[in-house]
Amino acid sequence: MTTHGYRLPSGGRIDRTRTIAFEFNGRRLSGHPGDTLASALMANGVDIIGRSFKYRRPRGLYGAGVEDPNSMVAVRDAYGYEPALRAGQVRLGDGMQAWSVRGWPSAVFDVGGGVQLVSGLLNAGFYYKTFKWPSWSWFEPWIRRATGFGCPQAVDENRKVHHRHATYDVLIVGGGPAGLATARSLIGSGLRVFLAEDQPQLGGSLNWEAALIDGQSGSAWAASMARTLAEDSHTTILTSTTVTGAYENDHFVLVQSFWDDRGVHTECLWKLRAHHVVLATGMIERPLLFPDNDRPGIMLSGTVRRMINEFGVAPARRMAIYTNNDSGYLTALAAYRAGMAIAAVVDTRSAEAAMHATLSKEMGIPCLFDAQIQATAGYRRLATITVRQVSAVTKIACDGLAVSGGFSPCVHLAGHRGSKPVYDPTCGAFVPGDVPERWHVVGGVKATLDLSATFADAGAVAHTIRAGRGGLGSAHSPRVDVLSLGTGAIPTQPSVGSSSRMWVDFQNDVKASDIELAAREGYVAIEHLKRYTTLGMGTDQGRTSNVVGLSLLAALTNRTLSEVGTTTFRPPYTAIRLGTIANARRGDLFKPRRLFPTHGVHENRSAVFEDFGWERPDWYRSNANEREAAVALEMAAVRNHVGVFDASSLGKIEVTGPDAAKFLSRFYVSNLMTLKPERVRYSVMLKEDGVIFDDGVVSCLSDNHFLASPTSGNAEAVAAWFERWRQTEWPTMQVAISPVTANWTSIALAGPLARALLARLQPDFDISNDAFPHMQIREGTVGGVSARVARISFTGELQFEVSVQARYASSLLSTVLTAEGDLEPRPVGLEAWLRLRLEKGYLHVGSDTNGRTTPLDIGMGGIVAKRQDDFIGKRSLKLAFATSSEREQLVGLRALDGSLEVGGRILSRGHTQVPCPTEGYVTSACFSPSVGESIGLALIQRGHTRDGEVVKVFCGGTPISCRISNPIFYDPTNQRLQA
Amino acid sequence: MKLQLQSSLGVDLDAAPNEAGGLPNGMALRERADVGCVFLNAAVNAAEVIEGGNEALGVQLPARPGSISRGPRCSAIWLTPRAWLVQCPVDDELELASRVNAAFADKRLHAALFTDYLYWLELCGEGAEAILQQGGFVSLERDGLAVGHAKRTLVGNIPAVIIHERKFEWLVGIERSRTKYFVGWLNSVRDAPAG
Amino acid sequence: MILIRCPYCGELRTEDELTYGGEANIARPAETVSDEAWTDYLFMRTNPKGIHQEQWCCSAGCGQWFKVVRDTVSHRILDVWKFEEVSQAAEEVA
């Protein structure tokens, strides 16, 4: 088999002394350090890298970098696997494996190629049309199999990820001649400058273009600039770093790659803020339209120069060039100097317009003017082109064709900030329009093709930036001895050939005829055209195809390119791995887990933890090996002797100041103005819409000193809620809010023997029932350390909640759990704790209330009615929504047959079978050992008026019968908690 | 009877991470269980309580955001226009809080015990700031957070108090329940490439 | 990324450190108002495209609420001021 691309005997910036082995589609190949996967494949004569998306046409390398629509590959290096990269983005690594992402059984022989025979079906708007007729379901199975780029692989990811945040005075995006010259002119200004270049070495196009600056070659000049900048302590240079997004307030996201001989081992995601921004992103070449313009062997003209001069690779043996600007001649010269045969330069312009043509002619390169390609031929690889001139049609044999239709500036980052690119008809390019304040645009990105103009521009921009800092430092003006790129070019429309054979967007197989069809069908707004045809919607984001498509639409609709405009640019500029964004936020570090200070003690008791933001023991294996058995023992301990429950996550907010009581009263349904020192009161808190937000107890520690205890999940939200109202609504109230939750650990001792257990801790105050009754609090010393002890109950039993500073937490918990004698304290987990409170009918906010529940629905109407003064949410309780007789109200349920389940729906009256209307649901349920029945709480329409009624509840797949009851199932007269 | 005290991590951070070999050269990480804290919170404008507060604590309560003033027994850090964090030896916490609360019986200024709310970690070395910057900007100012200043911000997705004690010397305080998370996070970022 | 310099602690804060509090200057009516006035207070907001006065909190910093004039299209912050202060910019757009 003849190969076309080959390694040139000399030249390029690769390290020819070393060889790297890699695999492509299972073939063992080799390249050199400095190669990209693209250049290495070309050096090995690989023509076909993949197949196109819709028609499965064979495709080869088209562009040298991220702009390439074609060379999509899956790559596995020593550190990980990526399913869809462009070959020019990948630095060759030793042992690297790469695969074509489409093509079955292989990219070279793809059975799907037959799709081309039915290509008439797959034109613009295919999806939209088949959704209507004949039937999407006919196509779906086949489409699903055929679409998508690449497959994920379950492989170990060894790539390291880091995040950095930084602030700089100046961010320069792009390390080509424009960026380097600007950075150089900022030395000495005292400004901290950050330069990001997406390629591994600085210099940009100077690395492959034939420029002469200050008497040196372009690449030598770039290298000397790099050395100078590296020595400057105020300049930071990052290569292999892509600025992927520009956001408000000059906030940028950058991805920096670190790689070695075996692949990319680390990625660093930067979030960077800069005061000045220099956009020096250069431009990308765009193609010309002609029939069968997508055959392997056809590629961008600048890519050919880059392959030759940067990588020492010849893309073909016999090269033709098709151009509408001078880029084509530069390519012809570069190929000629590299010893390749040049078939012809085909120029759409007349001879006079071609600045560089003379030199080509002198070298004996045939130049055809006023010429267009009307056909190409070749099986799997270009073999001939057919050129039409006014008076002649010439068939030319060639295995490579370099194409240039002009240049498109990389305006993306300005576009991310909402800056609309404007069309400059003189250079045939969309350039940045109004850029944000303190943004500066230099060089190719404003379609400057002349290097001396770029350097003058860079000097002026640096001067402007320096002026803001007192004009320190001095301009640096390189002398340009050889100009590089000739002239700009306005997009050219073909006048020969069939539009149904001209590819505009290679990646999505959008043809010129698709754009014609869309225009005929009225999709003439550019955003509509994009979605209807999928033009520019591939992973290359239409970098090469957009302007070609726009100019086609403009011509079809008799509009100018300015009138047509561009689609919207959105971040990211190139794909970012999700793992790089996630960084450490995975596994245990995904969300901060909050641990009790006693975590180790619970672990020693084989606690089974549940994640509620806090890691909380659900039940203890030390009690029993199986959950239900353990929970039963834990409940029994509380009912019969004493259980120990860790309530450390319960919120603790100290509210202090002369207005503290008045302030708190405005939040709670209950009046707290009357709460005396050492007393505790339970209440609920509403949002302004009258819906219950939180509940808990408020304790008065002393005059003007209160302790609010919101639920664990709301502790931080309630503190923020208090603070917001203090600052924004009641700024003159004399009150301070101090959240101190994590400072204290709270251990609840619950059960008939709780007082005896507390006594073991030797409190320095009287804990007898008379001296320390229910719903009171004491401050003092417990276990020799300062403590707060509240006598409150969530279980219905005598209960003390002992709080000490967290550093004593483990010692406190171990001490109570190992209390000797007949106390037999048992650790109690959250499940048992919640069932104990359910037996007592106590509310669990969030379970027994929902986003509509008001205090009137849970039986607190009496307390609300008693309040004379205002509190948050009070007014809403008078709205029709709150007073409606159809409200769901909280009641108890006792199962008459079967078992209650949380979420079970209450069947509407008169219905016994599902499906049927429902009128509420079960909010909490369990089997109650104390009552000996399956019990639950439920929100049921008009529930408060239906005591004793038997209802059907859908549980476990079948309706069961339940009786509506008082929600207090256990000890309704509160004898036990008063003991 | 006297309950025993235990540090937040319960391990000696001095040795552990450094021996693990991950910490860049010259860096040191140390748990500062010796740092005690009192949270001072005023129910009225700061100006009305500063004098009394100064007297009770023997330190000038700073009025300037981000600033720290040091006294013989404790230092005071500006937290909000009405609140300060007082750092002191752990054993002085109760006494200092009592003195403030005695001076302000009407609670116009309140001193809350706070030692166990915060876990303090000392991070020293040339790369210390870069490690912190993996978890957030630390400061968006041109010159960063000045030496001798403190601020509250997010580090590694959780709230933290950062104090720039001396050049290359940082003290970071985080809420105690997130200690294990934070140390895990530090371990995940410690071998960051320089840059 | 929205960046706002907190008028209380003087620090430039990122979106992550801030909490958005919705439209500013919504006065809380007395309990005696009509149902309609009360529900307007609860739910009705101007929601403009463009200049908007709003509340923000330096939640991960000094914890203070303040007011901001923001352009909801460009995210430009036109003014930031404390609750006890008056904004020149806000008065001009009002």
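Predicted model only: the values in this text are computed from it and were never measured. Every chain is numbered from 1 and lettered A, B, ... according to where its sequence line falls, protein lines coming before strand lines.
Within residues 44-72 of chain B, the residues having any heavy atom under 4.5 Å from a heavy atom of chain C are, by residue number, Pro65(B). Contact annotation for residues 79-92 of chain B against chain C (heavy-atom separation below 4.5 Å, listed by residue number): Leu79(B), Thr80(B), Pro81(B). Interface with chain B: from residues 17-46 of chain C, residues Glu17(C) qualify, criterion being any non-hydrogen pair under 4.5 Å. Residues of residues 3-16 of chain C lying under 4.5 angstrom from chain B, judged on non-hydrogen atoms, are Leu3(C), Arg5(C), Tyr8(C), Cys9(C), Gly10(C), Glu11(C), Leu12(C), Arg13(C), Thr14(C), Asp16(C) in numerical order.
Between Ile131(B) and Trp185(B), the closest heavy-atom pair is O-CH2, 3.8 Å. Scanning both residues, Gly36(B) and Thr115(B), for their nearest heavy atoms gives CA-OG1, 3.4 Å. Scanning all heavy atoms of the two residues, the minimum distance from Thr72(C) to Pro48(C) falls at OG1-O, 3.2 Å. The two atoms that bring Gly50(C) and Val73(C) nearest to each other are N-CG2, 4.0 Å, heavy atoms only. Residues Phe66(C) and Gln64(C) share a closest heavy-atom pair of CD2-O, 3.5 Å.
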side-chain contact (heavy atoms from CB on, under 4.5 Å) for Phe168(B) and Glu126(B)? Distances and angles first, verdict last. CA-CA 5 Å; Phe168(B) 305 141; Glu126(B) 210 168 321; 3.6 Å; yes
Any chance you could lay out the side-chain contact (heavy atoms from CB on, under 4.5 Å) test for Thr153(B) and Val138(B), step after step, and finish with the verdict? CA-CA 7 Å; Thr153(B) 183; Val138(B) 179; 5.8 Å; no
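Atom CD of Gln53(C) is separated from atom CD of Gln55(C) by 10.5 Å, given to the nearest 0.5 angstrom. The CG atom of Leu109(B) lies 8.0 Å from the CG atom of Asn41(B); values are rounded to the nearest 0.5 Å. Taken from NE2 in His164(B) to CD in Glu129(B), the straight-line distance is 6.0 Å, to the nearest 0.5 Å.
Put simply, the side chain of Glu175(B) gets close to the backbone of Ser177(B): a donor and an acceptor are under 3.5 Å apart.
Using a 4.0 Å cut-off between charged nitrogen and carboxylate oxygen, Arg73(B) and Glu95(B) count as a salt-bridge pair.
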